[in-house]
Amino acid sequence: MNFTFSEDQILFRDSVREFLNNEVTAESLRARWDTPSGRCKELWAALAELGLTGMLVSEANGGLGMNEIDFVLLAEECGRAALPEPLVDTVLVATPVLQQAGKDDVLAAIATGQSAVAVQATEGALVADAEFSEYLILQENSAVYLVSSADATLELQESIDPGRRLYSVSWDASQANVLADGDRGVALQAKMFNLGALGAAAQLLGLSQRMIELSVNYTSERNQFGKPIGSFQAVKHHLANVAVKTEFAKAPVYRAAYSVAHNLSDAAQHVSHAKLAATEAATQAAKSGIQVHGAMGYTWEVDLQIFMKRAWALAGAWGSRGEHKARVASAVFGPERSLGAGQTFASAS
Amino acid sequence: MNFTFSEDQILFRDSVREFLNNEVTAESLRARWDTPSGRCKELWAALAELGLTGMLVSEANGGLGMNEIDFVLLAEECGRAALPEPLVDTVLVATPVLQQAGKDDVLAAIATGQSAVAVQATEGALVADAEFSEYLILQENSAVYLVSSADATLELQESIDPGRRLYSVSWDASQANVLADGDRGVALQAKMFNLGALGAAAQLLGLSQRMIELSVNYTSERNQFGKPIGSFQAVKHHLANVAVKTEFAKAPVYRAAYSVAHNLSDAAQHVSHAKLAATEAATQAAKSGIQVHGAMGYTWEVDLQIFMKRAWALAGAWGSRGEHKARVASAVFGPERSLGAGQTFASAS
Amino acid sequence: MDLKYTPQQQEFREEVRAWMQANVPSVPLKSFDTEEGFQQHREWEKTMNEGRWGMVTWPEEFGGRNLDLIQWLIFEEEYYRANAPTRVNQNGIFLLAPTLMEYGTEEQKARILPKMATGEEVWAQGWSEPNAGSDMAAMRSKAELEGEYFVINGQKTWSTRAVYADWLFGMFRTDPDSERHRGLTFILVPLDAEGITVRPIPQLDGLPGFAEIFFDNVRVHVSNRLGGDGEGWQVAMATAGFERGLMLRSPARFQETARRLVELYIENQESADQDPAIREAVLQAYMQAEAYALTTYQTACRLNQGGKIGPESSTNKIFWSELDQDMHATAMSILGARAELLPHASAAEGVGRWLDGFLFAQSGPIYAGTNEIQRNIIAERMLGMPRA
Amino acid sequence: MDLKYTPQQQEFREEVRAWMQANVPSVPLKSFDTEEGFQQHREWEKTMNEGRWGMVTWPEEFGGRNLDLIQWLIFEEEYYRANAPTRVNQNGIFLLAPTLMEYGTEEQKARILPKMATGEEVWAQGWSEPNAGSDMAAMRSKAELEGEYFVINGQKTWSTRAVYADWLFGMFRTDPDSERHRGLTFILVPLDAEGITVRPIPQLDGLPGFAEIFFDNVRVHVSNRLGGDGEGWQVAMATAGFERGLMLRSPARFQETARRLVELYIENQESADQDPAIREAVLQAYMQAEAYALTTYQTACRLNQGGKIGPESSTNKIFWSELDQDMHATAMSILGARAELLPHASAAEGVGRWLDGFLFAQSGPIYAGTNEIQRNIIAERMLGMPRA
């Protein structure tokens, strides 16, 4: 039993945080909102250079051969930075799927930074970053397909988050490359959904922390009634409450990464718990963040909006709260439930 | 359209409040907790003297011939005082039922203060104050019965609130006096339930206000860190939140009284809304009250407990939250729903 | 207590309903935070005024109908039922006008009210300053009397509607040595005056819903002073009371939102019921909107009988703003993955205007005195708790 | 990261489970706030000690097993799964003992720990005073050194378990001129010393769960000073950290409550589902209890690797106390009209001990530093917000 990250994992996380702090500033994000693609190829190349795009690609295919646990802290950083590029979907969702299907060429292209891969959460769902990505992983019935984005017709669907680029996708499954179908397809769809929801949960966790930081900074500097508004108890308690929710969302997210990486039987339940807890923390961080920012929080000028909008978007992406609660409920209320003290790590042992 | 109480109604309320303030002190309540009956015949006689027991009894039977609207403010005062005697059940529930059944003798005995009447909320439910009361109104299947309490076997069922006296009742319906059966019985049961829930709601409203007052007084006097704890924003906001909930429970309770008094088609929904809103206010007043009292709030010594316990008890009496929500839901989500602006008083007009 | 409408009230409702049916634009107007939408809304004010529906509570001499508060509530119910446009001149009609009627001279009323009624002059509010938000008494913008003119210098911010509005009302420090809430004067300022710079502030949706206003030796004739010299705080507090209280936030608005939320829930019930919090929230939304309406009727009846509105205006502010936020958050939950889509996205079917409403609802607990300030007011003035 | 138990850990779990099955009393003990119950619980401590299960994290030399925190968590899981009695000496075992091991002399350890382990000496806490609750540094009870004895005068209150306990640990002002957190000394006091009056304070359920303690020239030998003269605050803060943090509130307790809540919900599902808030609350209870367990394991692993517990102990306190309150409030909601019944009422079938738990849960957000104080700590020490 060791529920900690290794020193290496922490150091890697810290270096990625520093990189994103420098390269993905609020100014650069705003600038990208106004460009047609909204994305930055140079940044993608730099992420590849750092080994990030290929983190989960096997060493044989030019990657680092790491796993979901290694990446979860980095997904959190992607959230903290509100990174627009589809790193989380490419690394955490597409890579394991392609690995399982033996798509070595695409994997190698991911590792070099040549290709990004966009992923569809469920059949018919909008696909984030379909235009930026060279490949799409799509679904129809019980099958999962790999499609070149050039072979699909994309229509931009605008989100409240100008940093999101969502597309409806028209494509011809009969012309597409099947990654899995039948029972294996259904299993792969379930795995993709879990990976995607885990990625969203980790990002929401990072977003929540960023919004707390922005709110602490703002309220420490802004004066009213002759003192910083952050010294008022009502303001403190707003942010303390968010901090509590955020603290107790962390371990569920990390545990979900472990369960997914080890294909535990209750991984779905763990992922859903993680997504729910992180969504709750981040939406509360947005709500309290805007409140303690006062009228500033309601403006376009203040950086808080960048992270609030991402949080609102990810709250509904990769499964609504209802879908995730239904998954937890079926485990907790189901006839095979096994609850109480001592059961937390039962499926791992 | 006149959603106010008359000057006379307010003056009567004020005089009853003063009477209860003087006669039903915290000390007298504690003293009664330790007596076998827990009740005070002299106080009951005094309430009769004031015209309270006979308020809804027709003038022909020696009462004041008033209605549920006249009484609702007084039920609120009974809550505020945590009055142990079964005034609300006798006046607000039993009287209209007996009036409808033409039980002039019992009504006259209520008006003189000779008899109290205890009421069963639903078939098989425990009956509050069955021992103190000369008569019981009980239910079986679709019928409503009037039973002399001497003819029933009572077993005391202890409540967390030492001011409550609950009894399970064994009785023989075949020997009892039928007030109504068949469709009329079912209708009478529904009416009793609405009247009882309205009475509970009004008492919860009064309890909530009393708990706020006690909390304001305590926190204004108790010093920590060199100032009254009531000057801390966290303490203020706890109580302000309860005040908001309480303010917005008042009008629903008064409207429910009107709807019941006028037999409006949606009286059941209005009563349930009132009970839910008042329960929410009072349970929040208890929770925040104990919190701002600190350790004192957790003691037997402090008066707050008297009112918290009554609030916890009444929260589940005369219909659980679930039963009341189901009634509101069937109106709000049902096929005949008629919602939105301008519909609030539609059934009255 | 009598909760029936009188036949006259029923007739009045019919009359409003008929007029709204005949006159409410069938195509929704553009947002009044755009130039085009602002003009459309100005036109709508003109249309309303032609029907004498623009300022129904005003005295008849100023073009109103002298309605009592119950009639006003009925009017609002029909207005929101008809899905009529949001009032672009609400700062003027609901905030300045009652203040003007209480504190204005006859000359001021005659000069200002008719043009406000027709929408010819739309009003913006000038309370906040960069360092005086919740702490309004910290304002420093000053107005020095030179002969018959105030010379105004300083800066206002968070001025709603100011980007396209014609006039601004606000407080300025006329006694340069004064502190806090003393020495302030309530002054009306034409926004086209020389020396005024209006800098739009884009809000969450990117539209310039408010503005910063810079005053550089702006000369305003003393006839634009409302109330006496140095009495600005008292005059403004009356206005703030109106704003927080009954007048601005019609229960009808929240009842219509609750109704739409119920319909959204029922349309999506199968997926929505996967999250039991949604059904609970929809039920609470319905009951709370109803409680708000009931409470407002109760207050209106009391005021009609000569009562005064007190610190309960603060409970109103908290209640409606949190209800509005909760209802829209619940709608977002029901919409799930569709919630983030802008209304014009082709995939946004069934999404309606919930996202706009959600964004707007975020401002409710902040503007017109943050809910933290309201809670302080409730605790201190309504409950009598000790000041900090 | 490796979330599997080692075979040794699994074996250890089996060992605890077997012992608990063999030894946990089949009939629940009476409340330890009654004299009879207190003796039963003292007996249970003795039984535990005989199996060397009483103080599993203590060093072996003092009768412990020197277990690491993961083993402690496993032990607790089995303890709560077995529904074993609440620890009457928790003040001693979990609060005083770690402090003693850090600050105590060898003589003190040898004298105090073994008798604590057997339950022969049960400990009460003496922090609060009538005017020093949340503001602990305001305490005024004093201890004057006369030769080899402290002479103690003053008053403590909210002393949990003190009615039947044998000893008390607490802080006293040894420098009469000192203010706030300076000049305080940590002293151990036998409760049967001359000059001590213990006045029971009945709690919500009527039982004397705590007491006021009056000190009238109570003489205590200096060998009962823990840490140095005037260092009481520092010593006590270590204790308060233990209390708020990991040690006292085992996740197992809350996981078992969550499990019972799920079962209560399922037993009553038809009526419970009339209130959608109940299903939502039960789901949240399960997830939050799980989150608390996961977070505690994470912290335990970090501490095992030499980490320190910081202000996150305040997040723990808030989280478990509000979770406990919510779970019990939800149970009360499920029970509806039955919720108010005392467990021994004949009509209280299926009601279990929820009411007792509900009452007890009300104390969670208050004791060991109110949750308001904890939120201040989180804001100031964890988030770095400015002090008032």
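Chain letters run A, B, ... following the sequence lines, proteins first and then strands; every chain starts at 1.
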message: Rounded to the nearest 0.5 Å, what separates atom OG in A:Ser320 from atom CG in C:Asn268?
response: 10.5 Å
message: Does anything in residues 328-353 of chain C form a ring-ring contact (aromatic ring centres under 6.0 Å, His included)? List the pairs, not counting sequence neighbours.
response: C:His328-C:Trp354
query: Is it the backbone or the side chain of A:Leu166 that comes under 4.5 Å from a heavy atom of chain C, or both, or neither?
result: side chain
statement: Taken in chain and number order and not counting sequence neighbours, the residues that satisfy ring-ring contact (aromatic ring centres under 6.0 Å, His included) with C:Phe214 are none
task: Rounded to the nearest 0.5 Å, what's the gap from CG on A:Asn223 to CG on C:Asp135? Could you check?
output: 10.0 Å
- prompt: Of the non-hydrogen atoms in A:Gln224 and C:Asn131, which two are nearest, and what is the gap between them?
  reply: NE2-O, 3.1 Å
- request: Please determine, among A:Arg321, A:Arg222, A:Gln291, A:His238, the option with the most heavy-atom pairs under 4.5 Å with chain C.
  value: A:Gln291
query: Is chain A contacted by the side chain of C:Asp205, its backbone, both, or neither, given a heavy-atom distance below 4.5 Å?
result: backbone
field: Atom group of C:Leu355 that falls short of 4.5 Å from chain A, counting heavy atoms
entry: side chain
- prompt: Does some side-chain heavy atom of A:Lys325 sit less than 4.5 Å from a side-chain heavy atom of C:Gln274?
  reply: no
- prompt: Relative to chain C, which segment of A:Ala295 carries a heavy atom at a distance below 4.5 Å: side chain, backbone, both, or neither?
  reply: both
- prompt: Has C:Arg353 got more than 12 heavy atoms of other residues, nucleotides or ligands less than 6.0 Å from its CZ?
  reply: no
- request: Kindly compute the distance separating NE2 (A:His293) from CD1 (C:Ile366), expressed to the nearest 0.5 Å.
  value: 10.0 Å
Contact listing (chain C partner; residues 300-311 of chain A; heavy atom under 4.5 Å): A:Trp300, A:Glu301, A:Gln305, A:Met308, A:Lys309
message: Please give me the minimum heavy-atom distance between C:Ala347 and A:Leu126, naming the atom from each residue.
response: CB-CD2, 4.1 Å
field: Pairs involving residues 193-202 of chain A, ordered by first then second residue, that meet side chain to side chain donor-acceptor pair (under 3.5 Å) (sequence neighbours left out)
entry: A:Asn194-A:Arg327
- request: Between chain A and each of C:Ala339, C:Gly133, C:Ser128, count heavy-atom pairs under 4.5 Å; write down the option with the most.
  value: C:Gly133
statement: Looking only at C:Ile201, C:Thr370, C:Leu359, most heavy-atom pairs under 4.5 Å shared with chain A are made by C:Leu359
task: Identify which part of C:Pro130 has an atom lying under 4.5 Å from any heavy atom of chain A, answering side chain, backbone, both or neither.
output: backbone
query: What residue, out of A:Ala121, A:Ala313, A:Ala326, has the most heavy-atom pairs lying under 4.5 Å from chain C?
result: A:Ala313
- prompt: Is any side-chain heavy atom of C:Tyr367 closer than 4.5 Å to a side-chain heavy atom of A:Tyr298?
  reply: no
field: A:Glu155, part contacting chain C, at a heavy-atom distance under 4.5 Å
entry: side chain
statement: So CG of C:Asn376 and CZ of A:Phe232: to nearest 0.5 Å the spacing works out to 8.5 Å
